[in-house]
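This report refers to the structure that appears directly beneath it.
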2 protein chains.
Amino acid sequence: MTETTAPEALLRGAGLRVTRPRLATLRALSAMPHAETEAVIAAVRADLGEVSHQAVYDVLRALTEAGLVRRIQPQGSVARYETRAGDNHHHVVCRGCGSIADVDCAVGHAPCLTPQADHGFVVDEAEVVYWGTCPDCARAAATA
Amino acid sequence: MTETTAPEALLRGAGLRVTRPRLATLRALSAMPHAETEAVIAAVRADLGEVSHQAVYDVLRALTEAGLVRRIQPQGSVARYETRAGDNHHHVVCRGCGSIADVDCAVGHAPCLTPQADHGFVVDEAEVVYWGTCPDCARAAATA
DNA sequence: CGCATGTTCTGGAACGAGTCAAGATTGATC
DNA sequence: GATCAATCTTGACTCGTTCCAGAACATGCG
């Protein structure tokens, strides 16, 4: 009932109903950050038994709209979800294996929020994706 | 035969064959930056007549691998392509209509290339997407 | 505690971007 | 001009995601 697991409070606070699939989805996401949809479905099923994929898709969308989870989808990857929402952090994506790691904003608070020429756009968010090679893949490439 | 249109030289320089569909694709992309695949196909067909979508997909992939065009794909959008490749610029995407504009790198040369904690990743590129509202959509929202 | 109500889950089908495979065609080289 | 290999055509197909209709469920009130 503290920080680690208060999914019920989170759901209620967001004005969402508290249901088994939603709790299981939140648990799954906090246990495995950057999980792709299929993995979430598998985790929820391992937790509850049979759950339709539709339910999970629906839950994920509801949670995303409520701001409880964040949807990320680097190029060439399927949709992934994470629970760290609203703290303006970014991601490093491995070109080799597609793994993702969290990175705090590079230059401070929201540096990227002020592009040079904004073409009249009202910018409200900057999203940064770092592309590179993860330690494992770098090691594999070095030995190969 | 100068800078504006030397697609042939570009293709040859990249070691690619010079074919009708490839030239038409390059022309289409330079005429309409950030074009999505479907629009590219339409433009190529308007130029050459019947061309299979498979050919365009293949051409776009070949050009992307050769570094002649860059593939971008903001969340919730289909793949788009642009000819400005290799100059480390970024994009502003409108949440309303999905339009995209170019933005030069915010803090200088390649600032974003040094995240705080890199988790051991070897980062070779930073991709920034600014989310906001374009002038048109902002105006529409203000009057509404 | 029991009921009415609106939301949520189930199951199945549909959709669209992108991919695969095999054969015909075309550009590059000699 | 002939030959070879890269490229295009055709058509089917996969995969992630979404839509639809009906049954099940959580919630608030009497």
Side-chain angles (χ1 to χ4, degrees), chain A residues 7-28 34-66 68-81 98, chain B residues 7-28 34-66 68-81 98:
Chain A
E8 277 198 38
L10 278 176
L11 289 172
R12 290 186 197 282
L16 294 173
R17 285 200 184 161
V18 180
T19 66
R20 230 77 45 74
R22 294 186 170 178
L23 293 174
T25 302
L26 282 176
R27 272 197 298 269
H34 313 129
E36 47 196 67
T37 313
E38 197 183 344
V40 176
I41 296 178
V44 171
R45 285 192 175 146
D47 195 345
L48 298 183
E50 265 312 300
V51 178
S52 69
H53 72 163
Q54 176 61 20
V56 179
Y57 271 103
D58 203 10
V59 166
L60 287 173
R61 178 160 41 177
L63 294 180
T64 303
E65 284 173 2
L68 297 185
V69 306
R70 184 170 154 200
R71 177 181 179 150
I72 56 181
Q73 183 169 26
Q75 291 197 198
S77 170
V78 298
R80 289 160 180 269
Y81 296 87
Chain B
E8 278 199 38
L10 277 175
L11 288 172
R12 291 187 195 282
L16 294 173
R17 280 200 191 163
V18 180
T19 67
R20 231 79 43 77
R22 292 185 172 177
L23 292 175
T25 302
L26 281 176
R27 271 197 298 271
H34 313 128
E36 48 195 67
T37 313
E38 198 183 344
V40 176
I41 296 177
V44 171
R45 286 192 175 148
D47 195 343
L48 298 183
E50 265 310 302
V51 178
S52 66
H53 75 162
Q54 178 62 17
V56 179
Y57 271 103
D58 204 9
V59 166
L60 287 173
R61 177 159 41 177
L63 295 179
T64 304
E65 284 172 3
L68 297 184
V69 306
R70 185 171 155 199
R71 176 181 179 151
I72 56 181
Q73 184 170 24
Q75 293 197 195
S77 170
V78 297
R80 289 159 181 270
Y81 296 86

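Side chains are part of it too, since the values below use all heavy atoms of this structure and drop only hydrogens, waters and symmetry mates.
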Practice task
Scan residues 34-43 of chain A against DNA chain C and write down, sorted by residue number, each residue with any heavy atom closer than 4.0 Å; if none is found, say none.
Solution key: none
Problem - Residues that A:R45 engages under side-chain hydrogen bond (donor to acceptor under 3.5 Å, both in side chains), provided they are two or more places apart - result: none
Handout entry: Partners meeting salt bridge (charged side-chain N to carboxylate O under 4.0 Å, His left out) with A:R12 (sequence neighbours left out)
Key = A:E8
Practice task
Quick one: label B:R71 by what it contacts on the DNA or RNA (base, sugar-phosphate, nothing), any heavy atom closer than 4.0 Å.
Solution key: sugar-phosphate
Practice task
For DNA chain C, note the earliest and the latest nucleotide, 5' to 3', having some atom under 4.0 Å of a heavy atom belonging to chain A.
Solution key: C:dG6 to C:dG11
Handout entry: Counterpart residues, side chain to side chain contact (heavy atoms under 4.5 Å, CB included), relative to B:A39 (two or more places apart)
Key = B:M32, B:A35, B:E36
Problem - Residue whose nearest DNA chain C nucleotide is more 5′ - B:V78 or B:L16 - result: B:V78
Problem - salt bridge (charged side-chain N to carboxylate O under 4.0 Å, His left out) partners for B:R71, two or more places apart - result: none
Contacts table for residues 48-63 of chain B: side-chain donor-acceptor under 3.5 angstrom, sequence neighbours left out:
{"residue": "B:S52", "atom": "OG", "partner": "B:A55", "partner atom": "N", "Å": "3.2"}

Exercise for the section: Give one of base, sugar-phosphate or nothing for B:A62, where a contact means two heavy atoms less than 4.0 Å apart. Expected result: nothing
Practice task
Before giving the answer on side chain to side chain contact (heavy atoms under 4.5 Å, CB included), spell out for A:V78 and A:E38 the whole-Å C-alpha distance, their side-chain angles and the decisive distance to 0.1 Å.
Solution key: CA-CA 9 Å; A:V78 298; A:E38 197 183 344; over 6 Å; no
Distance-only criterion, 3.5 Å: show the donor-acceptor pairs between side-chain atoms of residues 14-26 of chain B and protein atoms not counting sequence neighbours.
{"residue": "B:T19", "atom": "OG1", "partner": "B:R22", "partner atom": "N", "Å": "3.4"}
{"residue": "B:R22", "atom": "NH1", "partner": "B:R17", "partner atom": "O", "Å": "3.3"}
{"residue": "B:T25", "atom": "OG1", "partner": "B:P21", "partner atom": "O", "Å": "2.7"}

Exercise for the section: Note down the inter-axis angle between the two ends of the helix from C:dC1-D:dG30 to C:dC30-D:dG1, five pairs each, to the nearest 10°. Expected result: 40°
Problem - Length of the line joining B:D47:CG and D:dC8:C1', which is rounded to integer Å - result: 16 Å
Problem - Pairing residues for B:S77 by the side-chain hydrogen bond (donor to acceptor under 3.5 Å, both in side chains) criterion, not counting sequence neighbours - result: B:R80
Completion exercise
To the nearest angstrom, the CD-P distance between B:Q75 and D:dT17 comes to 11 Å
Practice task
Please indicate whether B:Q75 has more than 12 foreign heavy atoms, meaning atoms of other residues, nucleotides or ligands, lying under 6.0 Å from its CD.
Solution key: yes
Problem - Nucleic acid footprint by protein, nucleotides 19-30 of chain D - heavy-atom cut-off 4.0 Å, B for base, S for sugar-phosphate alone - result: B------BS---
Problem - Nearest-Å distance for atom pair CZ/C1', residues B:R45 and D:dC8 - result: 13 Å
